[in-house]
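The block underneath contains the structure these notes are about, expressed in C-alpha cells.
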Amino acid sequence: MNVNKLILLSIALMISCNNEKKIVNLNTFTLSKSDILDKIKGGWAGQTIGVCFGQPTEFSYYGLMQDHVKLKFDSASAVDYFNNDDIYVDVIYADVIERLGLEAPADSFATALAYSKVGLAHANQACRYNVKRGIMPPQSGHWKNNPHADDLDFQINADFIGLMSPGIPNSALKIADKVGHIVNYGDGWYGGVFIAACYSLAFVYDDVETVLKEALKAIPVESEFYKCINAVIDLHKKNPTDWKYTWFEIEKKFNEDIACSEGTLRGFNIDAKINSAYVVIGLLYGEGDFTKTIEIATRCGQDSDCNPASAGGILGAIKGYKNIPDNYLTALKVIENRKLNNTRYSLSEAYQLSLKHSLINLEKANQKITDSIVTITYADIVPVPFEKSFENLIPTHNIGNWFGNVITPDKNNLEFDFEGAGILIRGTSLVIESKLKEYTHLIEINIDNQIIDTMAVPSFYLDKINEVYWNFELEQKNHHLKMRIVNPADGAWVKVTESTVFNKRNK
C-alpha cells in the first residue's frame, strides 16, 4: 500500500472513533443493527411528518412560492393527513416483499397496487386502469400507455426501497427497475431511482450534499432529470444562502409538464424532475435543520406535501429517528400505532418490516452480518439505462374548454378536427346515482374513418381516470376524430372537458 493510501486510511480510522458509524476503510462501513433501525425509523417518520406538514397547501400554488403561508405540524395534522398515498403505497409494496420475498415479480407489485382499496391518482391510477385491462408492467408505466409516465408517483413511493437497501444502492436500483416501471418511465422513473438511492446512501454518509451527489450518479447524464437536479446543485454552490434564487432559475428552465392531462399547458406541474428539484432545494438550503428543510420544500409549491415528505424522509434517515426534534416525534406518536389506510400495517410495524427486509437484502448482497453488527462494503453506483418519454413531442394547444361537451344516450357521439402527431382527451364518466350506482362506458375511437380503439371509461371512484383517450403515435397531419358510446345507458353520460394536441418538437 502506498504512503497516500496509508495516510487516508489512518485519517478514516481516527474519524471513526468519534462517530456511531465506524469506517473500517475507505470503502467499508460498519453499522449496528440498532443504528440501522434508527435510520429506518427516521426515514419513515420523516416522510410522514413531511407529508402532514405540507398537505394543507398541496397544489394550491402553481409555479408560485407560498412564502406567506403559516405552516405547522401537530398531533391534529398527523391524525388528519397521515393516511396519504405517499405512505400507504410504500406499505402496499413492502407487503408484497413480505408475502412473496425479494424476488417477487413486477406483476405482483402491479396487481397489489391495482386491486388495493386505497385511493390513487395520476400515474398510480393509470397503472390501476392498465392492469385491470390486462396491460401489465413494464407496459403499464410506459408513456405510450400511460400519459402520466413522467409524473412523480414513483418518486413518492420509492422510499421503502432505499430503506431496505442500507449502503447498497445498486441493490436498490434493481428493485427500482422492477417496481418503478409499473407506473412510470423516463424522467418519472428517474424520480424514484434518485430518491431510493438517496435513502440507501443516507445509511453510510452523514452530510446531505454527499448523499445527493452520489445518488445523482445513478441517473444518465443525458436525461432532463439529471440536468435539472445537477442545475440545483450548481446553483446552490453559486448562491448557497438564497433558495429563492435557485427556485427562480429552475422554474425558468425546467417548468414543463408534457402530458399529464391536468398540467399540460397549465400552471399545474406534477412532473418528477421539477418536484424532485424542490426536494433537493429543501435539503440543500435546509442545512441539516429538519424544520427548515421541510419548510423550504413545502414553500417551493406544486406538490407541496410529497416534496417535504421526500426531503424529510431522506434527512430523517441521515440523522436517525432519535435526532428528529421532539415536537415532531411527540405529535407523531399519536398515530404511529394506527393502521394505515386499508393496509395490514401501522408505521411502527413498517419500521420493523423494513428492518427485516434490509437484513435479507444485505445478506443477498453478500454483506457481513453478525448478531448485532453489519459490515457494508460499498460499491460505486452504476447508472441505470437512458430512456425518454414522449420523445420529440410537445403539447401546442387545447381544443374545447373547461365547460366541456357531454356525450349522452341521446347524443352519443362527439367529433372534431385537429392537426398534429398526438392527442390527449380529458374527460370522465358520470352517473345519476338514483338510476345507476356505477357504470363503465365503452367508447369507440375512430380516427380518419378508421376504428382505432375502444376505451373503457369507468365511473366507480376507485377506478376512475381523468382521460377518455390518448394517442402519441399519430402521423403529423390533419386528422378527424370521432368518439361514440358503444353501450349507452339511461342515467349515464361522458363529459369531455378538453383535448390537448401534440406536435413534433423541432430538434
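Note that the coordinates shown come from a computational prediction; the quantities given were computed from them, not determined experimentally.
Between the side chains of Tyr88 and Asn342, no donor N or O sits under 3.5 Å from an acceptor N or O. In the model, Thr246 has no side-chain atom that pairs as donor or acceptor with a side-chain atom of Glu249 under 3.5 Å. Side chains of Ser261 and Asn466: a donor-acceptor N/O pair is absent below 3.5 angstrom, by distance only. With no hydrogens or angles considered, a side-chain donor-acceptor pair links Ser34 and Ser32 at under 3.5 Å. With no hydrogens or angles considered, no side-chain donor-acceptor pair links Arg299 and Thr57 at under 3.5 Å. In summary, the side chains of His148 and Gln125 do not present any donor paired with an acceptor at a separation below 3.5 Å, with no hydrogens or angles considered. Side-chain atoms of Ser77 and Asp74 include a donor-acceptor pair closer than 3.5 Å. Remark: the Asn337 side chain and the Ser348 side chain contain an N/O donor-acceptor pair separated by less than 3.5 Å.
In Lys132, the NZ atom is crowded: over 12 heavy atoms of neighbouring residues, nucleotides or ligands sit closer than 6.0 Å. Atom CG of Asp207 has more than 12 neighbouring heavy atoms from other residues, nucleotides or ligands inside a 6.0 Å radius. For Lys178, the NZ atom is densely surrounded, since the number of other residues' heavy atoms within 6.0 Å is greater than 12. Around atom NZ of Lys33, more than 12 heavy atoms belonging to other residues, nucleotides or ligands sit under 6.0 Å away.
The two residues Ser140 and His181 make their nearest non-hydrogen contact at OG-O, 4.1 Å. Gly267 and Gln302 get closest at one heavy-atom pair: O-NE2, 2.9 Å. Minimum heavy-atom separation, Ala309 to Asp86: CB-OD2, 3.8 Å. Here the closest non-hydrogen pair linking Arg344 and Glu349 is O-OE1, 3.5 Å. Taking all atoms of both residues into account, the shortest heavy-atom contact from Leu283 to Ala311 is CD2-O, 3.5 Å. Taking all atoms of both residues into account, the shortest heavy-atom contact from Trp189 to Pro385 is CZ3-O, 4.0 Å.
Glu295 places no side-chain N or O within 3.5 Å of a backbone atom of Pro308 that could act as its donor or acceptor partner. Proximity of a side-chain donor or acceptor of Asn146 to a complementary backbone N or O of Val183 within less than 3.5 Å is detected. Between the Ser200 side chain and the Ala196 main chain, no donor and acceptor come within less than 3.5 Å of each other.
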Compile the donor-acceptor pairs under 3.5 Å between side chains in residues 211-223 and protein atoms, sequence neighbours left out, one pair per line.
from: Lys213; atom 1: NZ; to: Glu209; atom 2: OE2; distance (Å): 3.0
from: Glu214; atom 1: OE2; to: Lys217; atom 2: NZ; distance (Å): 2.8
from: Ser223; atom 1: OG; to: Pro220; atom 2: O; distance (Å): 2.8
from: Ser223; atom 1: OG; to: Tyr226; atom 2: N; distance (Å): 3.1

Throw together a table of side-chain donor-acceptor distances under 3.5 angstrom for residues 273-281, partners on residues two or more places apart or in other chains.
from: Lys273; atom 1: NZ; to: Asp271; atom 2: OD2; distance (Å): 3.2
from: Asn275; atom 1: OD1; to: Asp303; atom 2: N; distance (Å): 3.4
from: Asn275; atom 1: OD1; to: Asn307; atom 2: ND2; distance (Å): 2.9
from: Asn275; atom 1: ND2; to: Asn269; atom 2: O; distance (Å): 3.1
from: Asn275; atom 1: ND2; to: Asp271; atom 2: O; distance (Å): 2.9
from: Ser276; atom 1: OG; to: Gln155; atom 2: OE1; distance (Å): 2.8
from: Ser276; atom 1: OG; to: Ala272; atom 2: O; distance (Å): 3.2
from: Tyr278; atom 1: OH; to: Glu251; atom 2: OE2; distance (Å): 2.3

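Separating the CG atom in Asn124 from the CG atom in Leu152 is a distance of 9.5 Å, to the nearest 0.5 Å. We find the CG-CG distance between Asn184 and Asp151 to be 7.0 Å, quoted to the nearest 0.5 Å. For the atom pair OG (Ser310) and CG (Leu315), the distance works out to 12.5 Å, reported to the nearest 0.5 Å. To the nearest 0.5 Å, atom CG of residue Asn239 and atom NZ of residue Lys244 are 12.5 Å apart. Here the CG atom belonging to Leu332 is positioned 5.0 Å from the CD1 atom belonging to Ile49, to the nearest 0.5 angstrom. From Asn327, atom CG reaches atom CZ of Phe73 across 9.0 Å, with rounding to the nearest 0.5 Å.
You'll find the side chain of Val79 reaches within 4.5 Å of the side chain of Val334, heavy atoms only. Inter-residue side-chain proximity for Lys356 and Glu98 is flagged as met; some heavy-atom pair is nearer than 4.5 Å.
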side-chain contact (heavy atoms from CB on, under 4.5 Å) assessment of Arg338 paired with Phe82 = CA-CA 10 Å; Arg338 299 188 185 189; Phe82 86 102; 3.9 Å; yes
Please step through side-chain contact (heavy atoms from CB on, under 4.5 Å) for the pair Ile97 and Met164, ending with a clear verdict.
-> CA-CA 11 Å; Ile97 292 173; Met164 63 175 282; 3.5 Å; yes
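The aromatic rings of His142 and Tyr185 are tilted relative to each other, their planes meeting at an angle between 30° and 60°.
Scored by the ring pair (Phe, Tyr, Trp, His ring centres under 6.0 Å) test, Phe194 finds Phe225 as partners (sequence neighbours excluded). Partners of Phe160 according to the ring pair (Phe, Tyr, Trp, His ring centres under 6.0 Å) rule, which considers only residues two or more places apart in sequence or in another chain, are Tyr93. Applying the ring pair (Phe, Tyr, Trp, His ring centres under 6.0 Å) test to Tyr81 and every residue at least two apart in sequence or in another chain returns nothing. Evaluation of the ring pair (Phe, Tyr, Trp, His ring centres under 6.0 Å) rule for His357 yields no partner, not counting sequence neighbours.
Each of Thr375, Ile376, Leu31 was checked for a side-chain contact (heavy atoms from CB on, under 4.5 Å) with Leu362, and the lone residue meeting it is Ile376. The only member of Ile318, Ile40, Leu163 that meets side-chain contact (heavy atoms from CB on, under 4.5 Å) when paired with Tyr199 is Leu163. Each of Tyr328, Tyr321, Phe53 was compared with Phe290 under the ring-ring contact (aromatic ring centres under 6.0 Å, His included) criterion, and only Tyr328 meets it.
A salt bridge does not link Glu336 to Lys41: none of the charged side-chain nitrogens sits closer than 4.0 Å to a carboxylate oxygen.
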